Amino acid sequence: SAVISQKPSRDICQRGTSLTIQCQVDSQVTMMFWYRQQPGQSLTLIATANQGSEATYESGFVIDKFPISRPNLTFSTLTVSNMSPEDSSIYLCSVEEYNRDTEAFFGQGTRLTVV
Amino acid sequence: GNSVTQMEGPVTLSEEAFLTINCTYTATGYPSLFWYVQYPGEGLQLLLKATKADDKGSNKGFEATYRKETTSFHLEKGSVQVSDSAVYFCALSAGLSDYKLSFGAGTTVTVRA
């Protein structure tokens, strides 16, 4: 199974600044996903990141606010730009492994607090 | 679009009680269904899954059966333990070329000794 390392694990940031979250996988994967989990709520998909192409964003999320990089098959970054307190959430990286059955693996998450 | 409706919590149980968390879904085609669990202070991890109708997923004493006729995937455990205290998420993926997960709201379960 894929092992995902996500950094930082938590951060407290000032409003108006940006934070870049890194996601490193121990194996090559085609598809990587970024989710947001707002306090007390479920996970919402932000975007799908495929290597060699631009990320695909879900409704309500835009590239200017959440730029994503995917330079190779084991790494991706998500930047939360021009942060406001409403961006305080847990951000999770996820990858899919296609063996006999499809399974998604998640990083430990980045707990972001914007003050 | 795809969506998951999950029984809202929080749910508080005594040890050895029976646990059921209801989950129903809306999807086109033949989705795969999942239950994920988030233990306190830990990341999200897959608990069980079912990829076609009438499949039963099971793990750690938990079971869920993929019911296409009722579009449901209810989670059950016959005798819960304190260590089962966690947040449980029902999720689906449309499968084939669409592997994005749609999650339910999550149900917080607390088991008391």
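Note on naming: letters A, B, ... go to the chains in the order of the sequence lines (proteins, then strands), and numbering restarts at 1 for each one. Since the model is a prediction, treat every value here as computed from it, not as a measurement.
Under a hydrophobic clustering in which Ile, Leu, Val, Met, Phe, Trp and Tyr are joined whenever their side-chain heavy atoms come within less than 4.5 Å, directly or via other members, B/Val80 and B/Val11 fall into the same cluster. A/Met31 is connected to A/Leu92 through a chain of hydrophobic side-chain contacts under 4.5 Å among Ile, Leu, Val, Met, Phe, Trp and Tyr, so both are in one cluster. When hydrophobic clusters are built by joining Ile, Leu, Val, Met, Phe, Trp and Tyr residues whose side-chain heavy atoms come closer than 4.5 Å, directly or via intermediates, A/Val29 is not grouped with A/Ile68. Cluster annotation: B/Leu47 is connected to B/Leu92 through the hydrophobic network of ILVMFWY side chains, with a link wherever side-chain heavy atoms come within less than 4.5 Å.
Closest heavy-atom contact between A/Gln108 and B/Glu42: OE1-C, 4.4 Å.
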Show, in sequence, the C-alpha distance, side-chain angles and deciding distance for A/Tyr35 and B/Leu44, and conclude whether the side chain to side chain contact (heavy atoms under 4.5 Å, CB included) test is met.
CA-CA 12 Å; A/Tyr35 289 85; B/Leu44 204 65; over 6 Å; no
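The line from CG of B/Leu46 to CZ of A/Phe105 is 7.5 Å long, rounded to the nearest 0.5 Å.
Around CD of A/Gln41, the count of heavy atoms belonging to other residues, nucleotides or ligands within 6.0 Å exceeds 12. Other residues, nucleotides and ligands place more than 12 heavy atoms under 6.0 Å from the CD atom of B/Glu69.
When heavy atoms are compared at a cutoff of 4.5 Å, B/Gln38 approaches chain A solely by way of its side chain, counted from C-beta outward. Heavy atoms of A/Leu43 lying under 4.5 Å from chain B belong to its backbone as well as its side chain. For A/Gln6, no part sits under 4.5 Å from any heavy atom of chain B, backbone or side chain.
A donor-acceptor distance shorter than 3.5 angstrom exists from the side chain of A/Ser42 to the backbone of B/Gly104, with no hydrogens or angles considered.
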